[in-house]
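Everything numeric in this text was worked out from a predicted model, so none of it was measured. In what follows, chains carry the letters A, B, and so on, assigned in the order in which the sequence lines appear, proteins first and then strands, with residues in each chain numbered from 1.
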Amino acid sequence: MAITGIKGFNDILPGEVEKWQHIEATARRVFELYGFSEIRIPILEKTELFARSIGDTTDIVEKEMYSFVDKGEKAVTMRPEGTASVMRAFIEHKLYAQDPVAKLYYMGPMFRYERPQKGRYRQFHQIGAEVTGVTDPKVDAQVLTMLCHFFADLGLTEPTLQINSLGCPECRPVYRQALKDFLRGKLDQLCDDCKRRVDTNPLRALDCKSAHCKEATEGAPSVLDHLCAGCNDHFAATRRYLELVGTKYDINPRMVRGLDYYTRTTFELVTGLLGAQSAVAAGGRYDGLIADLGGPKLPGIGFAMGVERVALLLAAEEFRKRPDLFIAALGEEAQQQAFSLMTGLQRLGVSVEIDYEGKSLKSQMRRSDKFNSRFTLIIGEDEIARKTAGLKDMDAGVQGDVALDVEAIAAKIGK
RNA sequence: GUGGCUAUGGUGAAGCGGUUAACACUUACGACUGUGACUCGUACAUACGUGGGUUCGAUCCCCACUAGCCACCCCA
């Protein structure tokens with residue numbers, strides 16, 4: 001039995017990878033339009049970093065991390081998300097000393113030990129962006145607008161933006177208590193999971209899929225009615241700025257975040273097309289995180305999107321590349337000539353394919369067609385003698401002559 | 001961690017107790033020995049996830065294991 005890959009760790013094969021490259025290139029292009037710079041962070045971090053940032057009672061930290069002790073007896077973890085690492089780097093390199101406002105993006109694999117299912121894998125990939133040092137709601141609106149811009153540029157209309165505010169350390173505990181009290185009064189109508197949630201994560205009960213729970217929590221208090229004046233103003237201003245620039249959104253006061261560090265603005269891009277995995281991208285403000293990690297008292301906001309999920313939405317599209325030219329050669333001398341021409345053209349930036357094994361012309365034409373090449377150059381004895389070969393436009397099906405010269409061929413095919 | 005479903009070639013699959021294990025795609029070669037896409041022909045599973053069992057006989061029934069998928073939990 002041959003060795004297979006690990007459960008939940010997938011290969012991204014040619015044919016699929018072009019889609020990924022397109023997603024990544026689009027993200028780089030759009031994010032850089034908004035002034036973001038890439039940061040590359042390591043895959044392994046001290047376990048403590050995630051315990052402190054994500055929250056040590058969250059499921060991610062309690063049971064989903066790939067953690068181990070390395071040869072130096074250090075407790076390390078393969079990153080389950082990117083924000084914590086970016087903030088650690090921001091603090092460690094004192095980037096705030098240069099400018100407290102940093103706009104950073106990253107992309108790469110994340111690891112969570114969960115049961116794989118559609119749109120969820122043990123090694124998955126995120127593209128994320130973070131802004132530090134700005135409390136002003138303009139930045140909230142900008143981050144959201146950028147995210148929508150990215151999806152629009154991918155040609156996707158599907159994921160829609162939902163926003164909410166979770167309040168701050170001032171007002172959230174008050175709301176949390178009010179919600180707990182409400183849920184306790186409905187305890188007998190809740191599912192078993194929600195009964196448990198009342199104490200562990202009452203907000204999550206608002207997001208329950210059970211019809212009974214949905215009904216029971218219909219009249220539940222809303223976070224938005226419990227925001228303190230500061231948070232309320234912030235949320236209102238965020239909405240105004242979104243409207244100012246025409247970024248469409250829905251308010252979802254029942255939206256919950258899975259990580260402990262979120263404050264104030266939170267958001268998700270949701271779709272109905274991915275089965276149980278409706279969140280394609282999600283994020284929010286984390287005004288306390290940088291200080292919690294031992295950095296200066298600076299606010300932050302960011303998001304991460306699941307690349308696999310974005311790729312699933314793009315499933316219908318075709319991103320396959322096509323070579324500019326295929327050279328079909330007949331005979332030993334022609335094959336040498338073809339190899340030489342190919343290399344010369346490649347040096348000029350023309351993508352070229354040949355047949356390596358000296359097959360029949362028919363066979364080579366078939367191969368050219370299979371590659372979906374734009375042109376095919378046909379060289380045999382006669383052509384070498386005449387120093388002129390046939391150049392066939394594969395889409396139009398018409399053939400002309402071209403001098404057997406790298407520059408001439410490149411010019412003919414428009415390169 | 002829990003539950004449901006599924007496991008036949010490179011791929012999609014038919015077959016459901018005794019068959020040459022269908023068909024399609026892909027691949028290779030060929031159709032007046034130098035021209036693709038359409039068409040046609042030929043070739044391509046000693047083999048039906050693994051291990052047991054039932055049976056005269058199992059790809060087809062039963063059990064276990066393993067893997068995959070989907071869902072719960074949780075999350076991007």
Could you tell me how far [M] sits from [N] if I compare only their [atom1] atoms? Round to whole Å.
N: U8(B); M: A67(B); atom1: C1'; result: 15 Å
N: C65(B); M: G4(B); atom1: P; result: 13 Å
N: G17(B); M: C60(B); atom1: P; result: 11 Å
N: G52(B); M: A14(B); atom1: P; result: 28 Å
N: G12(B); M: U26(B); atom1: C1'; result: 11 Å
N: C62(B); M: U55(B); atom1: C1'; result: 12 Å
N: U20(B); M: U59(B); atom1: C1'; result: 16 Å
N: C69(B); M: U27(B); atom1: P; result: 27 Å

Nearest-Å distance for atom pair [atom1]/[atom2], residues [X] and [N]:
X: Gln277(A); N: C74(B); atom1: CD; atom2: P; answer: 13 Å
X: Arg115(A); N: G3(B); atom1: CZ; atom2: P; answer: 9 Å
X: Arg122(A); N: C73(B); atom1: CZ; atom2: P; answer: 18 Å
X: Glu64(A); N: C72(B); atom1: CD; atom2: P; answer: 14 Å
X: Tyr121(A); N: A76(B); atom1: OH; atom2: P; answer: 16 Å
X: Asn201(A); N: C73(B); atom1: CG; atom2: P; answer: 13 Å
X: Ile23(A); N: A76(B); atom1: CD1; atom2: C1'; answer: 13 Å
X: Asp369(A); N: G36(B); atom1: CG; atom2: C1'; answer: 4 Å

C69(B) OP1/OP2 closer than 4.0 Å to side-chain N/O of Gln117(A): no

Side-chain N or O of Arg120(A) closer than 4.0 Å to phosphate OP1/OP2 of C70(B):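 Negative; the distance criterion is not met.
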
Remember a base hit wins even if backbone is also touched, and classify [X] as base, sugar-phosphate or nothing at under 4.0 Å, heavy atoms.
X: Gly119(A); value: base
X: Gly390(A); value: nothing
X: Leu259(A); value: sugar-phosphate
X: Gln364(A); value: nothing
X: Glu62(A); value: nothing
X: Asp193(A); value: sugar-phosphate

Worked verdict on Lys214(A) versus Glu218(A) for salt bridge (charged side-chain N to carboxylate O under 4.0 Å, His left out): CA-CA 6 Å; Lys214(A) 280 191 169 140; Glu218(A) 216 156 83; over 6 Å; no

Test applied, side chain to side chain donor-acceptor pair (under 3.5 Å); reference residue, Thr83(A); option that passes from Arg88(A), Gln126(A), Glu130(A):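 That would be Glu130(A); it is the only one of Arg88(A), Gln126(A), Glu130(A) passing the side chain to side chain donor-acceptor pair (under 3.5 Å) with Thr83(A).
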
Phe9(A) six-ring centre to Arg122(A) NZ/CZ under 6.0 Å and within 45° of normal: no

Row check, Tyr66(A) ring normal vs Arg112(A) NZ/CZ: under 6.0 Å, within 45°: no

For [X] and [Y], which heavy atoms make the closest approach, and how far apart are they?
X: Tyr262(A); Y: Gly284(A); value: CE2-N, 3.2 Å
X: Ala328(A); Y: Gln364(A); value: CA-OE1, 3.1 Å
X: Ser165(A); Y: Thr265(A); value: OG-N, 4.2 Å

Name the pairs: protein N/O against N/O of nucleotides 66-68 of chain B, kept only if under 3.5 Å.
{"unit_1": "G68(B)", "atom_1": "OP2", "unit_2": "Lys7(A)", "atom_2": "NZ", "d": "3.0"}

N/O to N/O distances under 3.5 Å, protein versus nucleotides 26-32 of chain B:
{"unit_1": "G30(B)", "atom_1": "O6", "unit_2": "Arg366(A)", "atom_2": "NH2", "d": "3.2"}

Check against salt bridge (charged side-chain N to carboxylate O under 4.0 Å, His left out), Asp395(A) and Arg322(A): CA-CA 12 Å; Asp395(A) 293 334; Arg322(A) 57 187 306 198; 3.2 Å; yes

5′-ward residue of the pair Met305(A)/Cys208(A) relative to RNA chain B: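 Nearest-nucleotide comparison on RNA chain B picks Cys208(A).
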
Given RNA chain B, 5'-ward residue of the pair Tyr262(A) and Leu274(A), judged by closest heavy atom: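 In this pair, the answer is Leu274(A).
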
Do the side chains of [X] and [Y] get close enough for a salt bridge, i.e. N-O under 4.0 angstrom?
X: Arg264(A); Y: Asp140(A); result: no
X: Arg367(A); Y: Glu353(A); result: no
X: Arg366(A); Y: Asp369(A); result: no
X: Lys63(A); Y: Asp59(A); result: yes

Strand RNA chain B in bracket notation, Watson-Crick/G-U under 3.5 Å with | for pairs to another chain: ((((((((.[[[..)..(....]]].(((((.......))))).....[[[[[..)....]]]]])))))))....

Any side-chain donor near an acceptor of the partner, Asp324(A) and Ser351(A), under 3.5 Å: yes

Inter-residue atom distance Leu274(A).CG - Arg120(A).CZ, 0.5 Å rounding: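 Spacing of CG (Leu274(A)) from CZ (Arg120(A)) equals 12.5 Å.
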
